There are 2 protein chains.
Amino acid sequence: MKKLSFAEENYLKAVYHLSNAGELDVSTNSIAEEMDTKAASVSDMLRRLSEKEMVVYRKYQGVKISEKGKTAALQVIRKHRLWEVFLVEKLKFNWDQVHEIAEQLEHIKSPLLIQRLDDFLGHPKFDPHGDPIPDENGLFKEKPQVPLAEVEISGDGIVVAVKDTNSMFLQHLDRIGIYLGAKTKVTEKVEFDGSMEILVDGKNKLFISKEVAENVLVTH
Amino acid sequence: MKKLSFAEENYLKAVYHLSNAGELDVSTNSIAEEMDTKAASVSDMLRRLSEKEMVVYRKYQGVKISEKGKTAALQVIRKHRLWEVFLVEKLKFNWDQVHEIAEQLEHIKSPLLIQRLDDFLGHPKFDPHGDPIPDENGLFKEKPQVPLAEVEISGDGIVVAVKDTNSMFLQHLDRIGIYLGAKTKVTEKVEFDGSMEILVDGKNKLFISKEVAENVLVTH
DNA sequence: AATAATTTTTAGATTAATCTAATTTTATTT
DNA sequence: AAATAAAATTAGATTAATCTAAAAATTATT
Ligand SMILES: [Mn+2]
Ligand SMILES: [Mn+2]
Ligand SMILES: [Mn+2]
Ligand SMILES: [Mn+2]
(Lines give C-alpha, C1' and ligand atoms only; values in the text may rest on other atoms or scores of the structure.)
(Ligands and ions follow the chains in the order given, each with its own letter.)
Protein backbone atom coordinates (compact mmCIF):
# COMPACT_ATOMS: atom_id res chain seq x y z
CA MET A 1 0.00 0.00 0.00
CA LYS A 2 1.70 3.08 -1.33
CA LYS A 3 1.45 6.41 0.42
CA LEU A 4 -1.71 8.39 -0.29
CA SER A 5 -1.59 11.85 -1.83
CA PHE A 6 -2.99 14.88 -0.04
CA ALA A 7 -5.96 14.86 -2.40
CA GLU A 8 -6.66 11.19 -1.80
CA GLU A 9 -6.51 11.68 1.95
CA ASN A 10 -8.90 14.61 1.74
CA TYR A 11 -11.39 12.61 -0.31
CA LEU A 12 -11.21 9.68 2.07
CA LYS A 13 -11.86 11.94 5.02
CA ALA A 14 -14.87 13.44 3.24
CA VAL A 15 -16.29 10.01 2.41
CA TYR A 16 -15.77 8.90 6.00
CA HIS A 17 -17.50 11.93 7.47
CA LEU A 18 -20.38 11.95 5.02
CA SER A 19 -20.99 8.24 5.52
CA ASN A 20 -21.41 8.72 9.27
CA ALA A 21 -18.24 6.80 10.10
CA GLY A 22 -18.55 4.40 7.20
CA GLU A 23 -22.16 3.30 7.71
CA LEU A 24 -24.01 4.76 4.74
CA ASP A 25 -23.37 5.00 1.04
CA VAL A 26 -22.27 8.43 -0.11
CA SER A 27 -23.31 10.21 -3.30
CA THR A 28 -20.96 11.83 -5.77
CA ASN A 29 -22.70 15.18 -5.44
CA SER A 30 -22.48 15.25 -1.67
CA ILE A 31 -18.74 14.70 -1.87
CA ALA A 32 -18.44 17.39 -4.51
CA GLU A 33 -20.29 19.83 -2.29
CA GLU A 34 -18.32 18.94 0.85
CA MET A 35 -15.03 19.36 -0.97
CA ASP A 36 -16.02 22.37 -3.03
CA THR A 37 -15.17 20.66 -6.30
CA LYS A 38 -17.04 19.36 -9.34
CA ALA A 39 -18.89 16.07 -9.60
CA ALA A 40 -16.72 15.09 -12.58
CA SER A 41 -13.60 15.38 -10.45
CA VAL A 42 -15.19 13.27 -7.77
CA SER A 43 -16.12 10.47 -10.19
CA ASP A 44 -12.55 10.43 -11.36
CA MET A 45 -11.11 10.25 -7.87
CA LEU A 46 -13.57 7.56 -6.79
CA ARG A 47 -12.43 5.39 -9.67
CA ARG A 48 -8.83 5.78 -8.53
CA LEU A 49 -9.59 5.21 -4.84
CA SER A 50 -11.57 2.16 -5.86
CA GLU A 51 -8.59 0.75 -7.78
CA LYS A 52 -6.57 1.15 -4.59
CA GLU A 53 -9.36 -0.60 -2.70
CA MET A 54 -9.87 2.31 -0.35
CA VAL A 55 -13.56 2.48 -1.25
CA VAL A 56 -16.19 0.19 -2.72
CA TYR A 57 -17.53 1.99 -5.73
CA ARG A 58 -20.48 1.00 -7.86
CA LYS A 59 -21.08 3.41 -10.70
CA TYR A 60 -24.22 5.50 -10.25
CA GLN A 61 -24.84 3.71 -6.94
CA GLY A 62 -22.68 5.71 -4.61
CA VAL A 63 -19.58 4.78 -2.68
CA LYS A 64 -18.81 3.14 0.66
CA ILE A 65 -15.51 3.40 2.47
CA SER A 66 -13.63 0.09 2.82
CA GLU A 67 -11.97 -1.14 6.01
CA LYS A 68 -8.64 -0.17 4.53
CA GLY A 69 -9.98 3.26 3.66
CA LYS A 70 -11.51 3.69 7.09
CA THR A 71 -8.20 2.95 8.75
CA ALA A 72 -6.47 5.51 6.56
CA ALA A 73 -9.16 8.13 7.11
CA LEU A 74 -9.05 7.67 10.87
CA GLN A 75 -5.31 8.20 10.96
CA VAL A 76 -5.67 11.47 9.05
CA ILE A 77 -8.46 12.52 11.41
CA ARG A 78 -6.27 11.57 14.36
CA LYS A 79 -3.48 13.77 13.05
CA HIS A 80 -5.84 16.65 12.30
CA ARG A 81 -7.24 16.66 15.81
CA LEU A 82 -3.92 16.20 17.58
CA TRP A 83 -2.49 19.16 15.67
CA GLU A 84 -5.54 21.21 16.61
CA VAL A 85 -4.88 20.44 20.27
CA PHE A 86 -1.25 21.43 19.80
CA LEU A 87 -2.20 24.73 18.20
CA VAL A 88 -4.64 25.65 20.95
CA GLU A 89 -2.86 24.24 23.98
CA LYS A 90 0.73 25.05 23.10
CA LEU A 91 0.69 27.82 20.53
CA LYS A 92 -2.23 29.74 22.05
CA PHE A 93 -4.43 29.76 18.99
CA ASN A 94 -8.13 30.32 19.44
CA TRP A 95 -10.41 27.40 18.56
CA ASP A 96 -11.71 29.26 15.53
CA GLN A 97 -8.24 29.61 13.98
CA VAL A 98 -6.96 26.06 13.93
CA HIS A 99 -8.94 24.22 11.32
CA GLU A 100 -7.23 25.48 8.17
CA ILE A 101 -3.76 24.97 9.56
CA ALA A 102 -4.65 21.47 10.72
CA GLU A 103 -5.92 20.78 7.19
CA GLN A 104 -2.32 21.15 6.09
CA LEU A 105 -0.59 19.51 9.05
CA GLU A 106 -2.79 16.40 8.88
CA HIS A 107 -0.93 15.31 5.73
CA ILE A 108 2.57 15.18 7.22
CA LYS A 109 3.78 11.60 6.97
CA SER A 110 5.67 10.33 9.99
CA PRO A 111 4.19 7.83 12.40
CA LEU A 112 6.92 8.64 14.93
CA LEU A 113 6.07 12.34 14.79
CA ILE A 114 2.45 11.68 15.65
CA GLN A 115 3.36 9.31 18.44
CA ARG A 116 5.68 11.90 19.95
CA LEU A 117 3.19 14.70 19.47
CA ASP A 118 0.56 12.60 21.23
CA ASP A 119 2.99 11.99 24.13
CA PHE A 120 3.86 15.68 24.27
CA LEU A 121 0.20 16.64 24.48
CA GLY A 122 -0.52 14.06 27.19
CA HIS A 123 -2.68 11.77 25.05
CA PRO A 124 -5.69 14.04 24.71
CA LYS A 125 -8.99 12.28 24.01
CA PHE A 126 -10.81 15.25 22.48
CA ASP A 127 -9.89 18.14 20.21
CA PRO A 128 -10.67 21.82 20.86
CA HIS A 129 -14.13 21.41 19.32
CA GLY A 130 -15.01 18.40 21.45
CA ASP A 131 -14.45 15.85 18.70
CA PRO A 132 -12.88 12.57 19.80
CA ILE A 133 -9.30 11.74 18.84
CA PRO A 134 -8.85 8.19 17.48
CA ASP A 135 -5.89 6.27 18.91
CA GLU A 136 -3.16 4.54 16.86
CA ASN A 137 -5.62 1.77 16.08
CA GLY A 138 -8.40 4.11 15.07
CA LEU A 139 -10.38 3.50 18.25
CA PHE A 140 -12.17 6.29 20.08
CA LYS A 141 -15.27 6.91 22.10
CA GLU A 142 -17.57 9.85 21.72
CA LYS A 143 -19.12 11.57 24.71
CA PRO A 144 -22.87 11.04 24.75
CA GLN A 145 -24.14 14.28 23.33
CA VAL A 146 -27.35 16.03 22.29
CA PRO A 147 -27.93 19.32 20.49
CA LEU A 148 -29.04 22.00 22.91
CA ALA A 149 -32.06 22.39 20.64
CA GLU A 150 -33.32 18.98 21.75
CA VAL A 151 -33.00 19.54 25.48
CA GLU A 152 -36.31 19.83 27.38
CA ILE A 153 -37.18 22.94 29.25
CA SER A 154 -35.37 23.23 32.59
CA GLY A 155 -32.93 20.53 31.38
CA ASP A 156 -29.29 20.78 32.51
CA GLY A 157 -26.18 19.99 30.54
CA ILE A 158 -22.52 20.68 29.97
CA VAL A 159 -21.26 21.86 26.60
CA VAL A 160 -19.10 19.02 25.24
CA ALA A 161 -18.75 19.79 21.54
CA VAL A 162 -19.83 21.96 18.63
CA LYS A 163 -21.32 20.54 15.47
CA ASP A 164 -20.30 23.40 13.21
CA THR A 165 -16.62 24.38 13.42
CA ASN A 166 -16.92 27.36 11.13
CA SER A 167 -14.86 30.31 12.30
CA MET A 168 -17.77 32.76 12.34
CA PHE A 169 -19.87 30.44 14.47
CA LEU A 170 -17.08 29.82 16.98
CA GLN A 171 -16.39 33.53 17.27
CA HIS A 172 -20.07 34.10 17.93
CA LEU A 173 -19.97 31.55 20.73
CA ASP A 174 -16.93 33.34 22.20
CA ARG A 175 -18.80 36.61 22.05
CA ILE A 176 -21.90 35.38 23.83
CA GLY A 177 -19.95 33.30 26.34
CA ILE A 178 -20.49 29.70 25.33
CA TYR A 179 -17.46 27.44 25.61
CA LEU A 180 -16.62 23.75 26.07
CA GLY A 181 -17.30 22.85 29.67
CA ALA A 182 -19.90 25.54 30.27
CA LYS A 183 -22.92 24.48 32.34
CA THR A 184 -26.24 25.10 30.65
CA LYS A 185 -29.88 25.12 31.75
CA VAL A 186 -32.69 25.62 29.28
CA THR A 187 -35.02 28.23 30.77
CA GLU A 188 -37.36 28.87 27.86
CA LYS A 189 -38.11 27.40 24.44
CA VAL A 190 -39.87 29.30 21.66
CA GLU A 191 -41.84 26.93 19.44
CA PHE A 192 -42.32 29.50 16.71
CA ASP A 193 -38.70 29.88 15.58
CA GLY A 194 -36.78 27.28 17.59
CA SER A 195 -34.90 29.88 19.58
CA MET A 196 -34.41 29.45 23.32
CA GLU A 197 -33.32 31.11 26.50
CA ILE A 198 -30.59 29.43 28.52
CA LEU A 199 -28.66 30.08 31.69
CA VAL A 200 -24.90 29.58 31.39
CA ASP A 201 -22.95 28.63 34.50
CA GLY A 202 -25.95 29.59 36.60
CA LYS A 203 -25.47 33.28 35.98
CA ASN A 204 -25.45 34.36 32.30
CA LYS A 205 -28.90 34.56 30.79
CA LEU A 206 -28.69 34.12 26.99
CA PHE A 207 -31.13 34.13 24.12
CA ILE A 208 -29.89 31.87 21.34
CA SER A 209 -31.21 31.23 17.87
CA LYS A 210 -32.23 27.86 16.50
CA GLU A 211 -28.99 27.73 14.48
CA VAL A 212 -26.90 28.11 17.61
CA ALA A 213 -29.04 25.67 19.61
CA GLU A 214 -28.66 23.03 16.94
CA ASN A 215 -24.89 23.35 16.76
CA VAL A 216 -24.04 23.35 20.45
CA LEU A 217 -23.85 19.83 21.83
CA VAL A 218 -24.31 19.08 25.50
CA THR A 219 -24.05 15.95 27.64
CA HIS A 220 -27.13 13.88 28.13
CA MET B 1 2.81 36.85 -5.95
CA LYS B 2 0.87 33.60 -5.78
CA LYS B 3 1.78 30.87 -3.33
CA LEU B 4 4.66 28.66 -4.34
CA SER B 5 4.24 24.89 -4.71
CA PHE B 6 6.24 22.47 -2.62
CA ALA B 7 8.37 21.65 -5.65
CA GLU B 8 9.06 25.30 -6.36
CA GLU B 9 10.04 25.91 -2.75
CA ASN B 10 12.38 22.95 -2.79
CA TYR B 11 14.07 24.14 -5.97
CA LEU B 12 14.49 27.65 -4.60
CA LYS B 13 16.08 26.29 -1.46
CA ALA B 14 18.48 24.21 -3.51
CA VAL B 15 19.46 27.18 -5.67
CA TYR B 16 19.98 29.32 -2.59
CA HIS B 17 22.18 26.76 -0.88
CA LEU B 18 24.20 25.88 -3.95
CA SER B 19 24.81 29.55 -4.75
CA ASN B 20 26.34 30.16 -1.33
CA ALA B 21 23.46 32.38 -0.18
CA GLY B 22 22.81 33.81 -3.63
CA GLU B 23 26.35 34.84 -4.53
CA LEU B 24 27.31 32.51 -7.35
CA ASP B 25 25.61 31.22 -10.47
CA VAL B 26 24.35 27.69 -10.21
CA SER B 27 24.47 25.01 -12.90
CA THR B 28 21.56 22.86 -14.00
CA ASN B 29 23.46 19.68 -13.26
CA SER B 30 24.37 20.69 -9.73
CA ILE B 31 20.71 21.34 -8.98
CA ALA B 32 19.75 18.01 -10.51
CA GLU B 33 22.29 16.24 -8.32
CA GLU B 34 21.29 18.10 -5.15
CA MET B 35 17.63 17.33 -5.71
CA ASP B 36 18.09 13.82 -7.00
CA THR B 37 16.24 14.54 -10.22
CA LYS B 38 17.05 14.82 -13.93
CA ALA B 39 18.59 17.81 -15.66
CA ALA B 40 15.62 18.00 -18.02
CA SER B 41 13.28 18.47 -15.08
CA VAL B 42 15.53 21.19 -13.71
CA SER B 43 15.58 23.13 -17.00
CA ASP B 44 11.82 23.00 -17.01
CA MET B 45 11.47 24.25 -13.48
CA LEU B 46 14.04 27.00 -13.99
CA ARG B 47 12.02 28.32 -16.90
CA ARG B 48 8.93 28.45 -14.69
CA LEU B 49 10.72 30.02 -11.73
CA SER B 50 12.18 32.53 -14.11
CA GLU B 51 8.72 33.49 -15.40
CA LYS B 52 7.75 34.11 -11.78
CA GLU B 53 10.90 36.20 -11.40
CA MET B 54 12.20 34.07 -8.55
CA VAL B 55 15.46 33.45 -10.40
CA VAL B 56 17.45 35.11 -13.19
CA TYR B 57 17.92 32.44 -15.79
CA ARG B 58 20.05 32.67 -18.91
CA LYS B 59 19.85 29.48 -20.97
CA TYR B 60 23.07 27.46 -20.91
CA GLN B 61 24.58 30.09 -18.59
CA GLY B 62 23.30 28.97 -15.23
CA VAL B 63 20.89 30.55 -12.82
CA LYS B 64 21.07 33.11 -10.04
CA ILE B 65 18.47 33.57 -7.34
CA SER B 66 16.64 36.92 -7.44
CA GLU B 67 15.96 39.09 -4.40
CA LYS B 68 12.37 37.90 -4.49
CA GLY B 69 13.54 34.30 -4.68
CA LYS B 70 16.01 34.81 -1.87
CA THR B 71 13.30 36.16 0.39
CA ALA B 72 11.10 33.16 -0.36
CA ALA B 73 13.95 30.68 0.13
CA LEU B 74 14.92 32.23 3.45
CA GLN B 75 11.39 31.91 4.78
CA VAL B 76 11.33 28.22 3.88
CA ILE B 77 14.72 27.78 5.54
CA ARG B 78 13.45 29.66 8.59
CA LYS B 79 10.50 27.30 8.84
CA HIS B 80 12.66 24.23 8.32
CA ARG B 81 15.01 25.17 11.12
CA LEU B 82 12.33 26.28 13.56
CA TRP B 83 10.55 22.96 13.10
CA GLU B 84 13.82 21.13 13.68
CA VAL B 85 14.22 22.96 16.97
CA PHE B 86 10.67 22.05 17.90
CA LEU B 87 11.25 18.39 17.12
CA VAL B 88 14.41 18.20 19.19
CA GLU B 89 13.53 20.51 22.06
CA LYS B 90 9.89 19.65 22.53
CA LEU B 91 9.29 16.24 20.98
CA LYS B 92 12.61 14.71 22.10
CA PHE B 93 13.82 13.71 18.67
CA ASN B 94 17.52 13.14 18.18
CA TRP B 95 19.30 15.59 15.85
CA ASP B 96 19.75 12.86 13.24
CA GLN B 97 15.98 12.22 12.95
CA VAL B 98 14.59 15.65 12.24
CA HIS B 99 15.67 16.56 8.73
CA GLU B 100 13.16 14.52 6.73
CA ILE B 101 10.22 15.56 8.86
CA ALA B 102 11.27 19.22 8.64
CA GLU B 103 11.42 18.78 4.85
CA GLN B 104 7.67 18.27 5.00
CA LEU B 105 6.80 20.77 7.72
CA GLU B 106 8.71 23.58 6.02
CA HIS B 107 5.98 23.79 3.37
CA ILE B 108 3.06 24.51 5.72
CA LYS B 109 1.68 27.92 4.79
CA SER B 110 0.70 30.10 7.73
CA PRO B 111 2.70 33.14 8.77
CA LEU B 112 0.88 33.21 12.11
CA LEU B 113 1.80 29.60 12.79
CA ILE B 114 5.48 30.33 12.34
CA GLN B 115 5.33 33.44 14.47
CA ARG B 116 3.65 31.50 17.25
CA LEU B 117 6.03 28.60 16.92
CA ASP B 118 8.95 30.99 17.15
CA ASP B 119 7.44 32.52 20.32
CA PHE B 120 6.82 29.07 21.79
CA LEU B 121 10.43 28.06 21.20
CA GLY B 122 11.78 31.28 22.70
CA HIS B 123 13.14 32.76 19.45
CA PRO B 124 16.01 30.35 18.92
CA LYS B 125 18.87 31.67 16.81
CA PHE B 126 20.29 28.31 15.74
CA ASP B 127 18.88 24.94 14.78
CA PRO B 128 19.98 21.57 16.25
CA HIS B 129 22.84 21.37 13.72
CA GLY B 130 24.16 24.84 14.52
CA ASP B 131 22.70 26.47 11.43
CA PRO B 132 21.40 30.00 11.93
CA ILE B 133 17.65 30.68 11.84
CA PRO B 134 16.67 33.68 9.70
CA ASP B 135 14.16 36.06 11.29
CA GLU B 136 10.86 37.24 9.72
CA ASN B 137 12.89 39.55 7.49
CA GLY B 138 15.37 36.90 6.42
CA LEU B 139 18.15 38.31 8.58
CA PHE B 140 20.52 36.10 10.55
CA LYS B 141 24.09 35.99 11.66
CA GLU B 142 26.31 32.98 11.52
CA LYS B 143 28.71 32.15 14.30
CA PRO B 144 32.31 32.53 13.11
CA GLN B 145 33.26 28.95 12.39
CA VAL B 146 36.09 26.82 11.04
CA PRO B 147 36.26 23.12 10.20
CA LEU B 148 38.16 21.24 12.90
CA ALA B 149 40.43 20.07 10.08
CA GLU B 150 41.80 23.58 9.71
CA VAL B 151 42.56 24.16 13.37
CA GLU B 152 46.28 24.31 14.23
CA ILE B 153 47.80 21.84 16.64
CA SER B 154 47.02 22.67 20.29
CA GLY B 155 44.25 24.97 19.09
CA ASP B 156 41.11 25.21 21.23
CA GLY B 157 37.50 25.52 20.08
CA ILE B 158 33.86 24.86 20.80
CA VAL B 159 31.74 22.80 18.42
CA VAL B 160 29.17 25.20 16.99
CA ALA B 161 27.84 23.39 13.94
CA VAL B 162 28.08 20.41 11.61
CA LYS B 163 28.52 20.77 7.87
CA ASP B 164 27.03 17.41 6.95
CA THR B 165 23.61 16.70 8.47
CA ASN B 166 23.37 13.18 7.18
CA SER B 167 21.87 10.80 9.70
CA MET B 168 24.79 8.35 9.62
CA PHE B 169 27.31 11.10 10.29
CA LEU B 170 25.34 12.54 13.19
CA GLN B 171 24.91 9.11 14.75
CA HIS B 172 28.66 8.61 14.47
CA LEU B 173 29.24 11.87 16.31
CA ASP B 174 26.84 10.73 19.04
CA ARG B 175 28.74 7.46 19.35
CA ILE B 176 32.16 9.04 19.71
CA GLY B 177 30.92 11.84 21.95
CA ILE B 178 31.00 14.97 19.81
CA TYR B 179 28.06 17.33 20.28
CA LEU B 180 27.24 21.02 19.84
CA GLY B 181 28.88 22.93 22.65
CA ALA B 182 31.66 20.41 23.27
CA LYS B 183 35.10 21.92 23.98
CA THR B 184 37.83 20.69 21.67
CA LYS B 185 41.64 20.84 21.65
CA VAL B 186 43.64 19.50 18.74
CA THR B 187 46.40 17.38 20.20
CA GLU B 188 47.84 15.80 17.06
CA LYS B 189 47.52 16.16 13.32
CA VAL B 190 48.48 13.46 10.83
CA GLU B 191 49.65 14.98 7.54
CA PHE B 192 49.42 11.71 5.67
CA ASP B 193 45.65 11.17 5.79
CA GLY B 194 44.27 14.33 7.38
CA SER B 195 43.16 12.50 10.49
CA MET B 196 43.73 14.02 13.93
CA GLU B 197 43.67 13.43 17.64
CA ILE B 198 41.55 15.74 19.75
CA LEU B 199 40.63 16.13 23.40
CA VAL B 200 36.94 16.67 24.05
CA ASP B 201 35.90 18.58 27.18
CA GLY B 202 39.43 18.17 28.50
CA LYS B 203 38.96 14.47 29.16
CA ASN B 204 37.94 12.35 26.14
CA LYS B 205 40.83 11.59 23.81
CA LEU B 206 39.51 10.89 20.31
CA PHE B 207 41.05 9.93 16.98
CA ILE B 208 38.97 11.31 14.15
CA SER B 209 39.20 10.86 10.39
CA LYS B 210 39.64 13.63 7.86
CA GLU B 211 35.92 13.29 6.90
CA VAL B 212 34.86 13.92 10.47
CA ALA B 213 37.36 16.77 10.95
CA GLU B 214 36.09 18.52 7.83
CA ASN B 215 32.46 18.31 8.86
CA VAL B 216 32.69 19.43 12.46
CA LEU B 217 32.77 23.22 12.74
CA VAL B 218 34.24 25.00 15.74
CA THR B 219 34.48 28.61 16.87
CA HIS B 220 37.47 30.60 15.87
C1' DA C 1 -45.15 3.36 -19.31
C1' DA C 2 -43.44 7.39 -21.37
C1' DT C 3 -41.42 11.79 -20.44
C1' DA C 4 -38.91 14.99 -17.83
C1' DA C 5 -35.63 16.12 -14.35
C1' DT C 6 -31.72 14.99 -11.80
C1' DT C 7 -27.55 12.70 -11.00
C1' DT C 8 -23.52 10.71 -12.51
C1' DT C 9 -20.14 9.47 -15.71
C1' DT C 10 -17.31 10.10 -19.79
C1' DA C 11 -14.83 12.78 -23.30
C1' DG C 12 -11.62 16.03 -24.08
C1' DA C 13 -8.60 20.01 -22.25
C1' DT C 14 -5.38 22.06 -19.11
C1' DT C 15 -1.62 22.59 -15.68
C1' DA C 16 2.26 20.95 -12.84
C1' DA C 17 5.84 17.88 -12.39
C1' DT C 18 8.32 14.42 -13.83
C1' DC C 19 10.81 11.12 -17.17
C1' DT C 20 13.66 9.31 -21.62
C1' DA C 21 15.62 10.27 -25.90
C1' DA C 22 17.04 13.51 -29.27
C1' DT C 23 19.03 17.92 -30.33
C1' DT C 24 21.58 22.02 -29.50
C1' DT C 25 24.97 24.78 -27.25
C1' DT C 26 29.21 25.38 -24.87
C1' DA C 27 33.71 23.75 -23.37
C1' DT C 28 37.80 20.97 -24.04
C1' DT C 29 41.20 18.53 -26.78
C1' DT C 30 43.59 17.38 -30.30
C1' DA D 1 40.21 25.47 -36.17
C1' DA D 2 38.16 21.03 -36.24
C1' DA D 3 36.72 17.35 -33.73
C1' DT D 4 35.13 15.51 -29.55
C1' DA D 5 33.12 15.59 -25.09
C1' DA D 6 30.17 17.50 -21.75
C1' DA D 7 26.32 20.16 -20.32
C1' DA D 8 21.94 21.91 -21.11
C1' DT D 9 17.68 22.31 -23.55
C1' DT D 10 13.77 20.70 -26.20
C1' DA D 11 10.50 17.23 -27.89
C1' DG D 12 7.36 14.06 -26.72
C1' DA D 13 5.20 10.93 -23.00
C1' DT D 14 3.14 10.05 -18.62
C1' DT D 15 0.59 10.71 -14.24
C1' DA D 16 -2.29 13.26 -10.96
C1' DA D 17 -5.70 16.45 -10.36
C1' DT D 18 -8.64 19.47 -11.94
C1' DC D 19 -12.22 21.70 -15.19
C1' DT D 20 -16.35 22.31 -18.89
C1' DA D 21 -19.48 20.27 -21.90
C1' DA D 22 -21.73 16.21 -23.67
C1' DA D 23 -23.66 11.70 -22.95
C1' DA D 24 -25.67 8.13 -20.21
C1' DA D 25 -28.08 6.25 -16.28
C1' DT D 26 -31.21 6.71 -12.62
C1' DT D 27 -35.15 8.72 -10.35
C1' DA D 28 -39.34 11.31 -10.24
C1' DT D 29 -43.52 12.95 -12.49
C1' DT D 30 -47.08 13.03 -15.34
MN1 LIG E 1 -6.42 18.38 4.26
MN1 LIG F 1 -11.72 19.97 15.26
MN1 LIG G 1 10.93 20.19 1.31
MN1 LIG H 1 19.28 21.67 10.28
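Everything numeric in this text was worked out from a predicted model, so none of it was measured. In the text below, chain A, chain B and the rest are named by the order of the sequence lines, each starting its count at 1.
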Task: Close aromatic pair by centroid cut-off 6.0 Å: A:Tyr16 and A:Tyr11 - done: no
Task: Pair B:Thr71, B:Gln75: side-chain N/O donor-acceptor within cut-off below 3.5 Å - done: no
Task: Test item: side-chain donor near acceptor, B:His17 and B:Glu34, under 3.5 Å - done: no
Open item on the list: Can you see whether B:Asp135 engages B:His123 through a side-chain donor-acceptor pair at a distance of less than 3.5 angstrom?
Closed with: no
Task: More than 12 heavy atoms of other groups within 6.0 Å of B:Glu51 CD - done: yes
- [ ] Name all stems that contain residues of DNA chain C, defined as runs of 3 or more consecutive Watson-Crick or G-U wobble pairs, both distances under 3.5 Å.
- [x] C:1-30 with D:1-30
Open item on the list: Could you tell me if B:Asp193 and B:Ser195 have a donor-acceptor pair between their side chains, going purely by distance under 3.5 Å?
Closed with: yes
Task: Modelled atom types, side-chain donor and acceptor of B:Trp95 and B:Asp174, under 3.5 Å - done: yes
Open item on the list: Working note: A:Leu105 + B:Leu105, criterion side chain to side chain contact (heavy atoms under 4.5 Å, CB included); need CA distance, chi angles, decisive distance, verdict.
Closed with: CA-CA 8 Å; A:Leu105 286 165; B:Leu105 287 165; 3.7 Å; yes
Protein-nucleic acid N or O pairs under 3.5 Å, nucleotides 23-26 of chain D:
from   : atom 1 : to      : atom 2 : distance (Å)
D:dA25 : O4'    : A:Tyr60 : OH     : 3.4

- [ ] Would you please indicate if the ring centroids of B:His99 and B:His80 are separated by under 6.0 Å?
- [x] yes
TODO: Tell me whether the guanidinium CZ or amine NZ of B:Lys143 lies under 6.0 angstrom from the six-membered ring centre of B:Phe126 and within 45° of its axis.
DONE: yes
Task: Start and end of the DNA chain C segment that chain B contacts, any atom under 4.0 Å from a heavy atom - done: C:dA17 to C:dT26
Open item on the list: Is the ring pair A:Phe86/B:Trp83 parallel, tilted or perpendicular, if the boundaries are 30 and 60 degrees?
Closed with: tilted
- [ ] Mind running a 4.0 Å heavy-atom check of residues 2-19 of chain B against DNA chain D and sending the residues that fall below it, in number order?
- [x] none
Task: DNA chain D-proximal residues of residues 39-52 of chain B, any heavy atom under 4.0 Å - done: B:Ala39, B:Ala40, B:Ser43
Task: Donor-acceptor contact below 3.5 Å, side chain A:Thr184 vs main chain A:Gly157 - done: yes
Open item on the list: Please compare B:Ser27 and A:Asp36 by the position of their nearest nucleotide in DNA chain D and report the one closer to 5'.
Closed with: B:Ser27
Open item on the list: Under the criterion salt bridge (Lys or Arg N to Asp or Glu O under 4.0 Å), I'd like the reasoning laid out for A:Lys3 against A:Glu9: C-alpha separation, chi angles, the key distance, then a yes or no.
Closed with: CA-CA 10 Å; A:Lys3 246 188 258 179; A:Glu9 289 187 339; over 6 Å; no
Open item on the list: Tell me which pairs pass salt bridge (charged side-chain N to carboxylate O under 4.0 Å, His left out) where either residue lies in residues 37-46 of chain B, with sequence neighbours left out.
Closed with: B:Asp44-B:Arg47, B:Asp44-B:Arg48
TODO: Ignoring hydrogens and angles, state whether a donor on the side chain of A:Glu84 or A:His129 is under 3.5 Å from an acceptor on the partner side chain.
DONE: yes
